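One structure below.
It should be emphasised that the depicted structure is a prediction, and the values quoted were computed from it without experimental measurement.
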Amino acid sequence: MNMPKKSIGILGGMGPLATADLFRKIVTLTDAARDNDHIRIYIDDNATIPDRTAAILEGGPSPLPAMTDSLRKLESCGADCLVMPCNTAHYFLPQLQSLTKVPFLSMLQATAAACRDQFPDAVAGVLATRGTLKSGLYQQALTDAGVPFLIPEEEEQDALMRVIYDGVKAGKGPEVYGADMNAVVEALGRRGAGYFILGCTELPLAAEQMGLIAPTVDPTEELAKASIRFCGYRVRE
């Protein structure tokens with residue numbers, strides 16, 4: 001007897017392009033031969049959620065009320081698991097999880113496991129927002145998984161923030177952010193990074209648009225794979 005398949009709730013809007021990217025990756029990575037073989041997905045693309053980095057570092061408006069509103073909407077739809085295509089938002093995941101019995105799947109844990117399995121003998125360079133880096137989200141997840149890593153220096157974090165906010169979130173192309181992205185990758189590589197975690201959901205989009213050739217781990221893709229498996233489906237090889 002086949003077990004009933006489960007559904008996904010995407011707590012999105014952080015940002016909209018990253019939300020669309022996760023949806024696309026879930027669909028393309030699901031081993032499906034026809035429309036009816038795909039996963040049921042509920043999406044709340046709430047772009048009014050306040051900026052997570054500003055809340056963590058600068059005392060900006062808390063995103064929790066708006067995130068909780070999205071959580072309740074996805075609960076009411078009947079989602080069997082919840083995912084957030086925003087690395088920095090995982091700072092608030094423990095508080096959100098305490099509000100619901102629907103399990104959240106962690107992008108950070110999925111990424112750390114992929115790093116451990118795919119690059120067992122290499123050092124990861126963590127590319128992320130200043131909020132993600134300052135809160136130690138990836139540092140903790142990678143340490144728990146036994147993955148060695150390097151963190152960008154202050155000026156490199158500034159460059160990554162320009163890539164994310166002045167580039168991808170602003171709808172600009174590689175001509176605006178490509179030099180910054182390449183400079184950070186090259187600097188971390190010189191210090192010993194053998195591959196790079198694209199630890200902000202705008203960064204896989206940047207890497208794709210600029211044709212980045214360095215080896216990477218895409219947290220959005222790893223979250224998509226974890227979601228597919230959780231729901232009882234197979235990941236396309």
Taking atom [atom1] of [X] and atom [atom2] of [Y], what is their separation to the nearest 0.5 Å?
X      : Y      : atom1 : atom2 : answer
Asp158 : Arg130 : CG    : CZ    : 4.5 Å
Met67  : Met14  : CE    : CE    : 4.5 Å
Ser227 : Ile39  : OG    : CD1   : 7.5 Å
Arg72  : Asp44  : CZ    : CG    : 13.5 Å
Leu74  : Cys81  : CG    : SG    : 10.5 Å
Glu222 : Asp117 : CD    : CG    : 9.0 Å

Closest non-hydrogen atom pair, [X] against [Y]:
X      : Y      : result
Pro85  : Ile10  : CD-CG2, 3.7 Å
Cys115 : Leu142 : SG-CD2, 4.3 Å
Met84  : His90  : O-CE1, 3.3 Å
Leu160 : Pro152 : CD1-CG, 3.8 Å
Ile56  : Ser135 : CG2-CB, 4.5 Å
Thr129 : Met161 : CA-SD, 3.8 Å

If hydrophobic clusters are built from ILVMFWY residues whose side chains come within less than 4.5 Å, do [X] and [Y] share one?
X      : Y      : result
Leu188 : Val217 : no
Val176 : Met181 : no
Phe104 : Ile41  : yes
Ile164 : Phe196 : yes
Tyr42  : Ile228 : yes

Can you tell me which residue among Leu205, Leu22, Thr19, Val83 is in a side chain to side chain contact (heavy atoms under 4.5 Å, CB included) with Thr220?
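That would be Leu22.
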Taking [X] for its side chain and [Y] for its backbone only, find out whether a donor-acceptor pair lies under 3.5 Å.
X      : Y      : value
Asp180 : Val163 : no
Arg52  : Pro50  : yes
Thr216 : Asp218 : no
Glu58  : Thr53  : no

Using a 6.0 Å cut-off, check whether atom [atom1] of [X] has over 12 heavy atoms from anything other than its own residue.
X      : atom1 : value
Lys6   : NZ    : no
Tyr233 : OH    : yes
Arg234 : CZ    : no
Gln97  : CD    : yes
Arg40  : CZ    : no

Please walk me through it: do Lys134 and Glu154 pass salt bridge (charged side-chain N to carboxylate O under 4.0 Å, His left out)?
CA-CA 11 Å; Lys134 292 296 185 184; Glu154 287 294 323; 2.7 Å; yes
Do the non-hydrogen side-chain atoms of [X] and [Y] ever get within less than 4.5 Å of each other?
X      : Y      : answer
Cys200 : Thr132 : no
Asp21  : Thr201 : no
Phe23  : Asp45  : no
Asp80  : Cys231 : no
Leu11  : Leu82  : no
Asn87  : Leu137 : no
Thr111 : Leu223 : no
Tyr138 : Leu108 : yes

Less than 4.0 Å between a side-chain N and a carboxylate O, is that true for Asp69 and Lys73?
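Salt bridge flag = yes for Asp69 with Lys73.
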CA sep, side-chain torsions, deciding dist, call: Ile8, Leu105, side chain to side chain contact (heavy atoms under 4.5 Å, CB included)
CA-CA 10 Å; Ile8 301 168; Leu105 306 184; over 6 Å; no
Could you pull out all residues at least two apart from Lys172 that satisfy salt bridge (Lys or Arg N to Asp or Glu O under 4.0 Å)?
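Salt bridge (Lys or Arg N to Asp or Glu O under 4.0 Å) list for Lys172, sorted by chain: empty.
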All N/O donor-acceptor pairs, side-chain side in residues 26-34, below 3.5 Å, sequence neighbours left out:
{"unit_1": "Thr28", "atom_1": "OG1", "unit_2": "Arg24", "atom_2": "O", "d": "2.9"}
{"unit_1": "Thr28", "atom_1": "OG1", "unit_2": "Lys25", "atom_2": "O", "d": "3.4"}
{"unit_1": "Thr30", "atom_1": "OG1", "unit_2": "Ile26", "atom_2": "O", "d": "2.5"}
{"unit_1": "Arg34", "atom_1": "NE", "unit_2": "Asp37", "atom_2": "OD1", "d": "3.2"}

Tell me every residue that passes ring pair (Phe, Tyr, Trp, His ring centres under 6.0 Å) with Phe92, counting only those two or more places apart in sequence or in another chain.
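For Phe92 there are no ring pair (Phe, Tyr, Trp, His ring centres under 6.0 Å) partners, ignoring immediate neighbours.
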Any side-chain donor-acceptor pair under 3.5 Å between Tyr177 and Gln209?
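Checked: Tyr177/Gln209 side chains pair up, N/O donor to acceptor below 3.5 Å.
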